[in-house]
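None of the values given here were measured: they were computed from a predicted structure.
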Amino acid sequence: MPDTPAATQRARVRVPLRFQDGYSVDAELVTFHGLTDGQEHVAVVLGEPGEIPLVRLHSECLTGDVFGSARCDCGPQLREAVERIAQTGGVLLYLRQEGRGIGLYNKLDAYALQDQGLDTYEANAALGLPEDDRDYTAAAQMLRALDITRLDLLSNNPDKAGQLRELGIDVHDRVPTGVFTTPHNVRYLRAKVLQTQHTLPLTELTGLTAG
């Protein structure tokens, strides 16, 4: 386990969350001192976290989370995660890792290359960027600052679970998210399954193409 410095809670504030489909829930937003990457990540505490809380590491996606882009599944995953975590009690870590860590402008450059036929990972490579540049050290710091060292992870991504375990967090179970397909994101989702072993059913990712 890497020897990383401890983070501490900076502030906690209650915020009522309201979604466009009418779902609402009260949450506590937690900020932190001492995160190793210096980013302004935030924890969204929902319900009453128990001994093994449900946790999601959600990477920021301006296009999907805010603008409702159909080119990814991030917005629907965020909406689903908030409700599922609120039902059982747990935490959503909203991590400032746009575009799998490459940033918003680079992500949009990659979109342009995807429009020419490359998949999401090939586009990153063509730009001289890593397929996935996310590091979850800060996430592990946040969890420890919240006194969470054992959890169920709401994710289709085995790398998230693997990194957390290497950082000393006990991932008791990895719980898959729903499958949110559109004609515009099916190639993206298939690439995640085939190239980075995301646990999405390929049978549900066929037969859709962008018109």
Side-chain angles (χ1 to χ4, degrees), residues 1-9 30-46 49 51-62 64-65 72-74 77-78 80-82 84-85 88 90-104 106-107 110 119-125 128-178 188-189 191-200:
M1 182 181 72
D3 184 17
T4 56
T8 57
Q9 294 186 34
V30 186
T31 58
F32 300 87
H33 287 300
L35 299 180
T36 56
D37 60 6
Q39 297 295 315
E40 292 187 332
H41 308 301
V42 64
V44 183
V45 181
L46 297 152
E51 183 179 350
I52 306 178
L54 185 62
V55 172
R56 174 162 176 78
L57 277 53
H58 187 89
S59 296
E60 177 182 39
C61 178
L62 178 71
D65 296 342
C72 65
D73 56 347
C74 303
Q77 282 189 328
L78 177 63
E80 174 201 40
V82 168
R84 289 178 67 177
I85 293 170
T88 63
V91 179
L92 182 142
L93 301 186
Y94 197 82
L95 304 173
R96 312 303 296 272
Q97 300 172 328
E98 185 80 46
R100 297 195 302 274
I102 65 173
L104 178 61
N106 284 330
K107 182 176 83 170
D119 70 31
T120 180
Y121 300 104
E122 292 168 342
N124 280 25
L129 300 168
E131 290 185 351
D132 191 332
D133 201 32
R134 289 174 293 183
D135 177 276
Y136 298 107
T137 301
Q141 289 181 291
M142 295 163 74
L143 291 168
R144 287 199 179 87
L146 295 169
D147 295 322
I148 296 173
T149 56
R150 192 178 192 213
L151 55 85
D152 287 338
L153 184 65
L154 182 60
S155 178
N156 301 318
N157 185 352
D159 183 55
K160 289 182 179 179
Q163 285 201 42
L164 285 181
R165 289 183 175 121
E166 290 175 0
L167 291 160
I169 301 297
D170 180 4
V171 179
H172 174 259
D173 192 15
R174 183 161 60 87
V175 182
T177 74
Y188 163 77
L189 296 179
K192 291 205 294 185
V193 173
L194 295 172
Q195 296 193 220
T196 50
Q197 291 74 56
H198 281 58
T199 50
L200 290 163

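Considering only residues two or more places apart in sequence or on other chains, Asp133 meets the side-chain contact (heavy atoms from CB on, under 4.5 Å) condition with Pro130.
Annotation for His58 and Cys74: closest pair CE1-O, 3.3 Å, computed over non-hydrogen atoms. For Arg100 against Asn124, the heavy-atom pair with the smallest separation is NH2-ND2, 3.5 Å. When every heavy atom of Pro176 is checked against every heavy atom of Leu154, the shortest pair comes out as O-CD1, 3.8 Å. Of all non-hydrogen atoms in Val175 and Asp152, the two that sit nearest each other are CG2-CB, 4.3 Å. In terms of heavy-atom proximity, Lys160 sits nearest to Leu57 at NZ-O, 2.5 Å. Asn156 approaches Gln77 most closely through the heavy-atom pair ND2-NE2, 3.6 Å.
Between the CG atom in Leu35 and the CE atom in Met142 there is a gap of 6.0 Å [rounded to 0.5 Å]. Rounded to the nearest 0.5 Å, atoms CG (Leu153) and OG1 (Thr177) are 10.5 Å apart. Note that CD of Gln141 and OG1 of Thr36 are 4.5 Å apart. Values are rounded to the nearest 0.5 Å. How far OG1 of Thr8 is from CZ of Arg144: 14.5 Å, rounded to the nearest 0.5 Å. To the nearest 0.5 Å, atoms CG (Leu46) and CZ (Arg56) are separated by 13.0 Å. Atoms CD and OH, on Glu131 and Tyr121 in that order, are 7.0 Å from each other to the nearest 0.5 Å.
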Table please: side-chain donor-acceptor pairs of residues 90-98 below 3.5 Å, with sequence neighbours left out.
from: Tyr94; atom 1: OH; to: Asp65; atom 2: OD2; distance (Å): 2.6
from: Arg96; atom 1: NE; to: Glu60; atom 2: OE1; distance (Å): 3.2
from: Arg96; atom 1: NE; to: Glu60; atom 2: OE2; distance (Å): 3.1
from: Arg96; atom 1: NH2; to: Glu60; atom 2: OE2; distance (Å): 3.1
from: Gln97; atom 1: OE1; to: Ser59; atom 2: OG; distance (Å): 2.9
from: Gln97; atom 1: NE2; to: Asp135; atom 2: O; distance (Å): 3.2
from: Glu98; atom 1: OE1; to: Leu62; atom 2: N; distance (Å): 3.0
from: Glu98; atom 1: OE2; to: Leu62; atom 2: N; distance (Å): 3.2
from: Glu98; atom 1: OE2; to: Lys107; atom 2: NZ; distance (Å): 2.5

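Between the Gln39 side chain and the Ala138 main chain, no donor and acceptor come within less than 3.5 Å of each other.
Between Leu151 and Ile169 there is a side-chain heavy-atom pair separated by less than 4.5 Å.
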| message | Could you walk me through whether Leu164 and Leu143 satisfy the side-chain contact (heavy atoms from CB on, under 4.5 Å) test, starting with their C-alpha distance in whole Å, then the side-chain angles of each, then the deciding distance to 0.1 Å, before giving a yes or no? | response | CA-CA 10 Å; Leu164 285 181; Leu143 291 168; 4.2 Å; yes
